[in-house]
Amino acid sequence: MDKFAIQGGVPLRGEIPTGGAKNSALPALAACLLSEEPVTLRRIPNVRDIATMEKLLRSLGAKVDIRGGAVRVDARKLTSSEAPYELVKTMRASSLVLGPLAARMGRARVSLPGGCAIGARPINLHLSGLEQLGAVIRQEHGYIEAEAPGGLHGAYYTFDRITVTGTEDLMMAAVLAQGETVLENAAREPEVTDLAALLTKMGAKIEGAGTSTIRIQGVGRLSGAEHTIIADRIEAGTFLIAGAITGGELTVTGCVPEHLMALILKLRQAGAEVTEVGTNCLRVSAGGLKAVDVTTEEYPGFATDLQAQYMALMTQAEGISLVTETIFENRFMHALELMRMGANIRLDGRRAIVAGPSRLTGAAVIASDLRASASLVLAALVASGETVIDRVYHIDRGYEKIEDKLARVGAQIRRLK
Ligand code: EPZ
């Protein structure tokens, strides 16, 4: 298994690019299953989760051609409606094919994702929503079967709690359903809005994406389309924090500042300077940081996918900060590894109390999930001596060649094969 070796202490300087959003590319690839015509998606990040989704589409019978950052999916002849355990167990977002297959094929068989390092993460709301749209749901042998031989019909559905992929899954199911669907308490994440933009280009009728109420008029069929995926706000946010934590000056290019407002606000409150330079570029520089509390929330609140990275930053800030995680029940695995590096953190259920600044020292640490591994990379960039991060396959799931990007702005980082 690959590892990263990082020598800390170098302020990062220069320009660092943002890639396409993994969490927008995944539902966009699944949406290709809804049409009998080819769809071309651009700015698709070359990360492991995308490779898994491409493998899944091929196993369903779709043709997938990859040229540079563009992926062309031709799903005219699907030969299966099953998402096998072997693929779903490596990436729970595979459950995003449930809605499109049920809508297009009238049948979907998808392995249940099972538990995850950051929480139980059930898909009960995806299933109750599909039932509302007329699917018969059965669970056996670790698989979910959704049957709608006569096709799905429109419905009024309120999510018990906000779910990003739940909203995306039901939106994709509803675009081919008979009649109107209204989704209430829907997720407002930019990735949801981006998916609606793609579906609209394919001929879907959607209103209100990006708000809590999404209205969808079903259509008989969808056409092909071409679409460029939005920038990855979590990757861009990770780089902003990298600039702040190392006390350098970094310009993050190709991002959407509007999607990062909650983080920008916290960085400014902590004493960092964050400025918009030109279009789609943010410059960050920081002297002494001060402790600022944060609570994760659904968009437009502070993203849970930036919580671990922010905690690493707070280990270097003057004072006591409270980090509260409201989305996932077990998303503090990184804290234990940060403590191994010398951080002063006390865990109390869904709250972490961070006292800083702590002098971090290099150590051997283990990544437990995608964003936790990003947090360890950030901590290693300021630690004295060398840190070796094990299981970086986690980071490869969602960051494209992060070691190359960071090395270009001065980081002493290398991959140990
Ligand atoms: C998406 O996951 C993202 N993944 C996650 O990013 C992100 O952390 C999460 O949204 C929250 O922003 C993708 O987009 C592929 P949820 P998702 O359904 O949709 C509970 C990363 O690092 N819930 O919004 O799976 C659930 O357990 C990943 O890139 C139910 O109870 O998250 C959680 O506590 C990690 N029943 C909460 O809702 C359901 O049916 C929010 O989860 C669905 C969700």
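Quick note: numbers below take in every heavy atom, side chains included, and nothing from hydrogens, waters or symmetry partners. Both counts, for ligands and for their atoms, begin at 1 and track the order of listing.
Among protein heavy atoms, the minimum distance from atom 40 (O) of ligand 1 is reached at Leu125 N, 2.8 Å. Nearest protein neighbour of atom 36 (N) of ligand 1, counting heavy atoms only, is Asn124 OD1, 2.7 Å. Looking only at protein heavy atoms, the nearest one to atom 22 (O) of ligand 1 is Arg371 NE, 2.8 Å. Scanning all protein heavy atoms for the shortest distance to atom 32 (O) of ligand 1 gives Phe328 CZ, 3.9 Å. Nearest protein neighbour of atom 20 (C) of ligand 1, counting heavy atoms only, is Arg161 CD, 3.8 Å. Ranking the protein heavy atoms by distance from atom 3 (C) of ligand 1 puts Asn23 ND2, 3.7 Å first. Nearest protein neighbour of atom 19 (O) of ligand 1, counting heavy atoms only, is Thr165 OG1, 2.6 Å. Shortest contact from atom 23 (N) of ligand 1 to any protein heavy atom: Pro122 O, 4.0 Å.
Assignment of Arg397 to the shell around ligand 1 is not supported, since no heavy atom sits closer than 4.0 Å. The shortest heavy-atom distance from Glu235 to ligand 1 is not under 4.0 Å. Heavy-atom separations between Gly166 and ligand 1 are all 4.0 Å or longer.
In Arg92, neither the side chain nor the backbone holds a heavy atom less than 4.0 Å from any atom of ligand 1. Using a 4.0 Å cut-off between heavy atoms, Asp305 contacts ligand 1 through its side chain alone, with no backbone atom that close. At a heavy-atom cutoff of 4.0 Å, ligand 1 is contacted by both the backbone and the side chain of Arg121. Of all the heavy atoms of Thr163, the ones lying under 4.0 Å from any atom of ligand 1 are found in both the backbone and the side chain.
Interatomic distance, Cys255 SG to Ile16 CD1, rounded to the nearest 0.5 Å: 11.5 Å.
Exactly one residue among Met261, Gln269, Arg268 makes a side chain to side chain contact (heavy atoms under 4.5 Å, CB included) with Leu265. That residue is Gln269. Screening Lys77, Arg72, Arg221, Lys201 for a salt bridge (charged side-chain N to carboxylate O under 4.0 Å, His left out) with Glu37, the sole residue that qualifies is Arg221.
A 4.5 Å side-chain heavy-atom check between Ile395 and Ile402 finds at least one atom pair inside the cut-off. Inter-residue side-chain proximity for Lys205 and Arg215 is flagged as unmet; no heavy-atom pair is nearer than 4.5 Å. Side chains of Leu376 and Leu338 form a contact here, defined as non-hydrogen atoms less than 4.5 Å apart.
Asp396 and Arg48 are not joined by a salt bridge, as no carboxylate oxygen comes within less than 4.0 angstrom of a charged side-chain nitrogen. With respect to the salt-bridge test (charged N to carboxylate O, under 4.0 angstrom), the residues Glu325 and Arg331 do not qualify. Under a 4.0 Å N-O distance rule, the pair Arg408/Glu15 does not qualify as a salt bridge. Ion pairing of Arg188 with Glu298 is absent here, as no side-chain N (NZ or NE/NH1/NH2) approaches a carboxylate O to less than 4.0 Å. Ionic pairing of Lys22 and Asp305 is not present here: no N-O contact between side-chain nitrogen and carboxylate oxygen is shorter than 4.0 angstrom. With respect to Lys55 and Glu86, no salt bridge is recorded, no charged nitrogen being found less than 4.0 Å from a carboxylate O.
Those atoms of ligand 1 that come under 4.0 Å of a heavy atom in His126, given as number and element, are 40 (O). Taking a cut-off of under 4.0 Å to the non-hydrogen atoms of Arg331, the atoms of ligand 1 that pass are 8 (O), 22 (O), 35 (C). Ligand-side atoms of ligand 1 in range of Lys22: 21 (C), 29 (O), range being under 4.0 angstrom from any heavy atom. Proximity to Thr304 (heavy-atom distance under 4.0 Å) selects the following atoms of ligand 1: 8 (O), 11 (C), 12 (O). Each of the following atoms of ligand 1 lies closer than 4.0 Å to a heavy atom of Ile123: 39 (C), 40 (O).
When the heavy atoms of Leu127, Ile327, Asp160 are ranked by distance to atom 41 (C) of ligand 1, first place goes to Ile327. Looking at Ile234, Thr326, Val164, it is Val164 that brings a heavy atom closest to atom 24 (O) of ligand 1.
At most 12 non-hydrogen atoms from other residues, nucleotides or ligands lie less than 6.0 angstrom from NZ of Lys3.
With hydrogens and angles left out, the side-chain atoms of Gln309 and Thr238 include a donor and acceptor closer than 3.5 Å.
Among the atoms of Glu329, none of the N or O lies under 3.5 angstrom from an N or O of ligand 1.
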